[in-house]
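Okay, structure first, notes after.
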Amino acid sequence: MSFNIDRSNTDPFYRYKMPRLIAKVEGKGNGIKTVIVNMTEVAKALSRPPTYPTKFFGCELGAQTQFDTKNDRYIVNGSHTDEKLQTLLDGFIKKFVLCPGCSNPETNLVVQVKRGTILQRCIACGYNGSVDMRHKLTTFILKNPPDQDPNAAATPVKGKKGKKERGSKKDEEDGASPDATPSTAQEQIAAIRESGKSMNLPPTKQKGDDDDEDWGDDFTEEAIKQRMEELSDAAKGLAFTDDLEKSAEERLNIIYEKIKIKKDEDELTKQTTIKEIFSEAERLEVKDKVPLVLVELLLTDKVLTQLQKFKGLFLKFCIQDQKAQKALLGGLEILITREYPDLLPKTSHILKVLYDFDILEESVIVEWGKKPSKKYVSKEESTQILKEAQVFVKWLEEAEEESDEEYENGEEEDEVNFSHTERVGEVKVELAKSTVPVVNGGKKPVIEEDDDEDDIDIDDI
């Protein structure tokens, strides 16, 4: 079975194909590992060394990798399914195979070790630009360039070597090289295309000029400017790789400054900005702590309005991430007890909004409300805010149980509505479809039955 190399392209006549990745899990316990059975065939279809996608899997999964090129075994530690690795392979293809210009996989990676840059050159459209140097795989590629990898094609190297030999022979004999037959010329063209050099000769190039001249470089003002921009981007990428060596606090400060700049530019509601900040937080491995920064930078005493405005950003970091949700609750503790104490009576309202927006899960709120913690604020302050939150926490705890009982009895479900528009200090609790008031700490009062309930007057019906 084969797939389109660009799996987002559903064209049945798409000519760039790759075999389906096959993974085999071996071992047990701590020694469990996943062998990618046909990694060589997959890598050949992508025109990349098989070590590159294997190492990419390790970077994405946080797992160690092993290469046994002689026995054609490429291993990722841990147990991973075919589907999971195939999805990760799509990410590798997008970052290191597909051309950003024409989306074709006819690209070559050109590693400039001295400059510490990796260029991606497209044979199809002529695109020439730097890859995203922020990814961890780029460090591995810089240390293991394609032409140094035992599994990489050696055609470009042979072509360059042959060119030098022919040049030397020409100098010795002071005549045309006997190897310059049409077949070798085609090989030279193929080699040049493999290396990604331009096929366009400068206008001043005349037949009979020195063949050793590096006519592949373009020295126009525009070309020089483009190369300087690529070097600048690559230098930034190399600086970014050092960020992971910093402490968690320093990495969080990087995100803090980035969010602050985007806030000043009023771009935090744009999806592109949200994705950019989230990707940066993932790269710096601090995305679970970012909600603390969001609370500090984005929320004030107008918290309900601000949560509505920045809903997308909070949702991106907190959805299905309980660690991030707990960090958000910690940030709210600081905000309410220390920055804006007047918000204390509004605690249940704030939690209700976060719950309605799916930013906080029911289980996280209930667990947080069980006992005070001194992780973010003092125990006394934590106790104070939990006391104000109990109205909503208890409603969450009892809602499912009451709902089950009422449905069994064929009754309608009661709803607790928290007003989002009341003034600070006023908590309005309404019971939909019920006239029983909330008293005695939220407990339902005992209602005595009327002894005359059985006496029914037919005329009154």
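Starting from 1, each residue takes its place in the sequence as its number.
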Heavy-atom donor-acceptor pair, Thr107 side chain to Val97 backbone, under 3.5 Å:
yes
Could you walk me through whether Trp395 and Gln390 pass the side chain to side chain donor-acceptor pair (under 3.5 Å) test, one step at a time?
CA-CA 8 Å; Trp395 175 73; Gln390 284 309 301; over 6 Å; no
Check ion pair Glu257-Lys260 (N to O, under 4.0 angstrom):
no
Taking Arg251 for the side chain and Lys246 for the main chain, is one N or O donor matched with an acceptor at less than 3.5 Å?
yes
Tell me whether the centres of the aromatic rings in Tyr14 and Tyr16 are closer together than 6.0 Å.
yes
Between Arg15 and Glu106, is there a salt bridge with N-O shorter than 4.0 Å?
yes
Correct closest heavy-atom pair for Tyr256 and Val293 would be CD1-CG1, 3.7 Å
Is the shortest heavy-atom distance from the side chain of Val295 to the side chain of Val303 under 4.5 Å?
no
Look at the rings of His135 and Phe56 and say which category their plane angle falls in: under 30° parallel, 30 to 60° tilted, over 60° perpendicular.
parallel
Any side-chain to backbone donor/acceptor pair from Asp68 onto Arg73? Under 3.5 Å, distance only.
no
Side chain Ser382, main chain Lys374, donor-acceptor under 3.5 Å
no
Ion pair check, Asp356 and Lys352, cut-off under 4.0 Å:
yes
When you measure from the side chain of Asp288 to the backbone of Ala324, do you find a donor-acceptor pair of N or O atoms at a distance under 3.5 Å?
no
Going by an N to O cut-off under 4.0 Å, is there a salt bridge joining Glu282 and Lys287?
no
Taking Gln86 for the side chain and Leu21 for the main chain, is one N or O donor matched with an acceptor at less than 3.5 Å?
yes
Is a side-chain N or O of Asn128 found less than 3.5 angstrom from the main chain of Leu119, in a donor-acceptor match?
no
Between Phe92 and Tyr52, is the ring centroid distance below 6.0 Å?
no
May I have the step-by-step check of ring pair (Phe, Tyr, Trp, His ring centres under 6.0 Å) for Phe314 and Phe357, ending in yes or no?
CA-CA 10 Å; Phe314 279 96; Phe357 286 169; 9.8 Å; no
Check whether the side chains of Gln66 and Asn77 place a donor and an acceptor atom closer than 3.5 Å, and report yes or no.
yes
Between the side chain of Lys24 and the main-chain N/O of Thr34, is any donor-acceptor distance below 3.5 Å?
no
Whether the side chain of Gln325 engages the backbone of Cys318 through a donor-acceptor N/O pair (distance < 3.5 Å, no angle test) should be reported.
yes
What do the steps show when you test Ser378 against Glu381 for side chain to side chain donor-acceptor pair (under 3.5 Å), and what is the final call?
CA-CA 5 Å; Ser378 68; Glu381 290 171 326; 3.1 Å; yes
I'd like to know if Glu285 pairs up with Lys136 as an ion pair, taking the criterion as any Lys NZ or Arg NE/NH1/NH2 lying under 4.0 Å from an Asp or Glu carboxylate oxygen.
yes
For the pair Ser348 (side chain) and Glu388 (backbone), establish whether a donor and an acceptor sit closer than 3.5 Å, ignoring hydrogens and angles.
yes
Going by an N to O cut-off under 4.0 Å, is there a salt bridge joining Asp321 and Lys323?
no
